[in-house]
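First up is the structure itself, then whatever we jot down about it.
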Amino acid sequence: MLLRRTLLAGGLLLGSRTPLAAQIDYRNLDDDRPTRVEDAYPVERYGFEMLLPYLVERAHGGITTHSVVPELAYGLVRNAQIGLKLPFAVEDGAGLTRTGLSGLRAFALYNFNTESRALPGFSLRLDGAFPVGSLAGDKARVALKAIATRSFGKNRLHLNGAYGFGADWTGAAAEGLPRWWAGAAVDRTLFRESTLLVGEVYALKAERGALTEVNASLGLRYQWTPTTVFDLGLGRRLKSGVGPDIAVTVGISHAFAIAGLMPGRSPR
């Protein structure tokens with residue numbers, strides 16, 4: 001099985017020189033890294049993944065948003081991960097600049113099925129967005145997402161669909177949870193299996209009564225070392241009048257393990 005074999009056996013001690021085994025982490029599509037659509041596979045059991053993305057988005061209407069969203073995910077048990085995001089944003093437009101935290105995000109994902117000949121990989125993900133910070137909106141929201149992944153040689157097809165529960169709100173500047181969204185993506189492995197090219201189309205509605213956005217994105221993921229991946233993405237609205245005029249994201253992710261948190265091993 002090619003998917004999600006990060007092979008953390010042996011681990012990487014935090015602060016030590018112990019390397020991780022060879023990985024194919026560049027194939028692991030995380031949400032918004034570099035596209036909104038993600039794949040159905042979690043972080044390897046007992047493994048950590050640290051992500052540090054930067055996004056600049058110019059919305060229709062002239063408001064530009066810059067955001068940095070540190071994220072930490074942990075493989076709690078086999079086929080499941082939990083994680084936290086702490087987005088920080090700067091909004092600039094209409095003669096006003098606002099800076100601050102854009103909420104606190106917590107999430108959990110469980111993979112019910114690894115791909116087989118008959119069935120795709122399938123996961124459910126639960127996200128919570130909480131109004132922490134001056135740009136976080138005014139209410140909490142919970143969203144449930146269904147994720148499916150199917151491989152065809154070096155190509156994969158991903159389908160995502162999510163619905164947000166809770167009252168309508170004044171949304172967060174970055175990393176908010178829309179009322180609903182749905183998307184599809186196709187990726188292909190390139191260049192000696194170290195680079196992934198992905199393209200997506202998705203639609204979303206921020207709130208009841210809001211206009212529906214239809215957007216498209218292209219992205220690359222490049223495995224620089226066995227534990228470090230760079231990503232780059234470019235997005236734009238397909239429907240006039242709503243959605244980003246342009247969105248550019250660049251980020252880095254690093255996979256590691258801590259020996260003391262791996263059963264059967266003790267820290268040095």
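Residue numbers count from 1 along this sequence.
Atom CG in Asp245 sits 6.5 Å away from atom CZ in Arg58 (nearest 0.5 Å). Between atom CZ of residue Phe230 and atom CD of residue Gln223 there is a gap of 11.5 Å, rounded to the nearest 0.5 Å. Between the CG atom in Asp231 and the CG atom in Leu51 there is a gap of 8.0 Å [rounded to 0.5 Å]. Rounding to the nearest 0.5 angstrom, the gap separating the CG atom in Leu109 from the CG atom in Asn79 is 10.0 Å. Rounding to the nearest 0.5 Å gives a distance of 13.5 Å between CD of Glu175 and CG of Leu135. Rounded to the nearest 0.5 Å, atoms CZ (Arg45) and CD (Gln81) are 15.0 Å apart.
The two atoms that bring Leu196 and Arg27 nearest to each other are CD2-CA, 4.0 Å, heavy atoms only. Across all their heavy atoms, Ile82 and Ala108 have their closest contact at CG2-CB, 4.1 Å. Heavy-atom minimum distance, Asp31 versus Glu38: N-CB, 3.6 Å. Contact record, Ala167 with Lys139: CB-CD, 3.9 Å, taken as the closest heavy-atom pair. Nearest heavy atoms, Pro244 versus Glu213: CD-OE1, 3.9 Å. Shortest non-hydrogen contact noted between Arg141 and Ala206 is NH1-O, 3.5 Å.
Formation of a donor-acceptor pair under 3.5 Å by the Lys239 side chain with backbone atoms of Thr212 is found in this model. In terms of modelled atom types and a separation under 3.5 Å, the side chain of Arg150 and the main chain of Leu119 share a donor-acceptor contact. One N or O on the side chain of Asn111 and one on the backbone of Ala40 form a donor-acceptor pair closer than 3.5 Å.
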Show me, pair by pair, the donor-acceptor contacts under 3.5 angstrom made by side chains of residues 87-100, not counting sequence neighbours?
from: Glu91; atom 1: OE1; to: Arg98; atom 2: NE; distance (Å): 3.3
from: Glu91; atom 1: OE1; to: Arg98; atom 2: NH2; distance (Å): 2.6
from: Asp92; atom 1: OD1; to: Thr97; atom 2: OG1; distance (Å): 3.1

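Two different hydrophobic clusters hold Leu197 and Leu157 under the rule that ILVMFWY side chains link at heavy-atom gaps under 4.5 Å. Using a 4.5 Å cut-off between side-chain heavy atoms of Ile, Leu, Val, Met, Phe, Trp and Tyr, with links allowed through other members, Leu52 and Tyr54 fall into the same hydrophobic cluster. Under the 4.5 Å side-chain heavy-atom criterion for ILVMFWY residues, a single connected hydrophobic cluster contains both Tyr46 and Leu72. Linking ILVMFWY residues whenever their side-chain heavy atoms come closer than 4.5 Å, directly or via other members, places Ile252 and Val250 in the same cluster. Linking Ile, Leu, Val, Met, Phe, Trp and Tyr whenever their side-chain heavy atoms come within less than 4.5 Å puts Phe48 and Val77 in one cluster.
For residues 95-132, the set of pairs meeting the ring-ring contact (aromatic ring centres under 6.0 Å, His included) definition, not counting sequence neighbours, comprises Tyr110-Phe112.
Contact of the Arg105 side chain with the Leu177 side chain is registered, since non-hydrogen atoms from C-beta on lie closer than 4.5 Å. Side-chain contact check for Val68 versus Pro70: some heavy-atom pair is nearer than 4.5 Å. Using a 4.5 Å heavy-atom threshold, the side chains of Pro34 and Val198 count as touching. Here the side chains of Val229 and Ser253 are in contact, with some heavy-atom distance below 4.5 Å. In this structure, the side chains of Thr249 and Leu232 stay at 4.5 Å or more apart for every pair of heavy atoms. In this structure, Asp32 and Lys85 have side chains that are in contact, with non-hydrogen atoms separated by less than 4.5 Å. Asp168 places a side-chain heavy atom less than 4.5 Å from the side chain of Arg179. Counting heavy atoms from C-beta on, the side chains of Asn160 and Arg125 never come closer than 4.5 Å.
If you chain together ILVMFWY residues whose side-chain heavy atoms come under 4.5 Å of each other, Tyr202 ends up grouped with Val37, Trp181, Leu204.
Screening Arg221, His158, Lys154 for a side-chain hydrogen bond (donor to acceptor under 3.5 Å, both in side chains) involving Asp187 leaves a single residue, His158.
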For the pair Thr114 and Tyr41, evaluate side chain to side chain contact (heavy atoms under 4.5 Å, CB included) and give the outcome as yes or no after the intermediate values. CA-CA 8 Å; Thr114 300; Tyr41 296 97; 4.1 Å; yes

Between Val214 and Val242, is the side chain to side chain contact (heavy atoms under 4.5 Å, CB included) condition met? List the steps. CA-CA 8 Å; Val214 181; Val242 61; over 6 Å; no

Take Val248 and Leu55, measure what side chain to side chain contact (heavy atoms under 4.5 Å, CB included) needs, and give me the verdict at the end. CA-CA 6 Å; Val248 179; Leu55 169 69; 5.9 Å; no

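Side-chain polar atoms of Thr189 and Arg156 form no donor-acceptor pair below 3.5 angstrom. Using modelled atom types and a 3.5 Å distance limit, the side chains of Ser217 and Glu200 yield a donor-acceptor pair.
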